[in-house]
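By convention here, the first residue in the shown sequence is residue 1. Start at 1 and go down the list; that is how both ligands and their atoms are numbered.
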Amino acid sequence: MAKIVILTGAGISAESGIRTFRAEDGLWEEHRVEDVATPEGFAADPDLVHRFYNARRAAVTAAEPNAAHCALADLEADGRHEVLVVTQNVDDLHERGGSRHVIHMHGTLNGALCAACGHRWPAPAVMHRTDSCPSCGVPATRPDIVWFGEMPYRMEEIWTALRAADLFVSIGTSGNVYPAAGFVQDAVRAGVETLELNLERSSGTRWFDTARHGPATEIVPAWVREMLA
Ligand code: BJW
């Protein structure tokens, strides 16, 4: 059975109405990235960071998976390929689209993390700085999100799957943020075939064996149809 590792980024959720990250003005939902996506930003203004993620959680709850999420679930459900989705996205649209094997390497909006003891629990719809950890009782609740300077989750598992894959596919990611941006080079070194599906050329396009450009809701279902033909 062919093993396929699929890396996804913000572009796959764009047509579900979730904004991507790198706007031309360098701002993200009107905030500087350093203020809302670093441990230092959280330490400086936890109320701001909680408000930012509470708003994003609400936006994701109101969104629906699109044809690209559903196509990847169809590829997995078909059973002829072993499919692992490694997503940088913190939304749950892959799971709601039907994918079963999903790794959230940058965490999830549905998770809460205690900055004091490391305990994790399901996030309420609205989180506050003063929420106490259900395990240690310390009011140090943060979103279970991997910020800049922090180690992404389950990296050994991801690299092992990548090296053992027959095909690596990158969908809807700009290739600007490491370590995910380096997966294509890891795959090439391991002799794995590589395919990019993105709206436009990414920073890493030159590394891929093949690249197809267009909206995810068109090019991902088209690729899956070919795989299942
Ligand atoms: C469409 C579309 C449509 C649009 N259809 N496509 C200097 C050099 C190298 C590295 C570093 C460096 N200085 C610091 C670093 C490390 C740093 C890093 O990479 N920084 C760069 C900015 C340079 N990385 C880290 O700190 C990471 N940790 C780390 O490295 O730990 C050490 C380590 C060492 C060794 C091994 C392993 C680890 C942590 C990174 C955490 C990233 N966190 C964020 C925020 C949290 C999530 C959240 O709040 O939502 O994750 S940042 C943000 O970027 C978010 C995303 O997951 C991530 C990637 O963005 P993505 O998905 O690519 O989105 P965009 O917007 O950039 O691109 C969208 C793409 O879609 C575009 O190409 C569009 O064209 C396309 N698109 N519409 C198809 N309809």
S.K.: Do the side chain of Ser16 and the main chain of Glu64 share a donor and acceptor less than 3.5 angstrom apart?
M.R.: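 Confirmed, Ser16 side chain pairs with Glu64 backbone.
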S.K.: Is the shortest side-chain N to carboxylate O distance from Arg32 to Glu40 below 4.0 Å?
M.R.: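 No, this pair does not count.
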S.K.: Does Asn89 use its side chain to pair, donor to acceptor, with the backbone of Gly9 at less than 3.5 Å?
M.R.: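 Judged by distance alone, yes, a pair lies under 3.5 Å.
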S.K.: So does Arg163 pair up with Glu157, basic N to acidic O under 4.0 Å?
M.R.: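 No, Arg163 and Glu157 are not salt-bridged.
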S.K.: Say you draw a straight line from OG of Ser13 to CG of Asp92; how long is it, rounded to the nearest 0.5 Å?
M.R.: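 Nearest 0.5 Å value for the OG-CG distance: 9.5 Å.
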S.K.: Which protein residues have a heavy atom under 4.0 Å from ligand 1?
M.R.: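 Its neighbours under 4.0 Å (heavy atoms only) are Gly9, Ala10, Gly11, Ala14, Glu15, Thr20, Phe21, Arg22, Trp28, Tyr53, Arg56, Gln88, Val90, His106, Ile145, Val146, Trp147, Phe148, Gly149, Glu150, Met151, Pro152, Trp159, Gly172, Thr173, Ser174, Asn176, Val177, Tyr178, Pro179, Asn198, Leu199, Glu200, Gly214, Pro215, Ala216, given by chain and number.
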S.K.: Please name all residues satisfying side-chain contact (heavy atoms from CB on, under 4.5 Å) with Ala112, sequence neighbours left out, ordered by chain then number.
M.R.: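 Testing Ala112 for side-chain contact (heavy atoms from CB on, under 4.5 Å), a comparison that skips the adjacent residues, returns Trp121, Ala123, Met127, Thr141.
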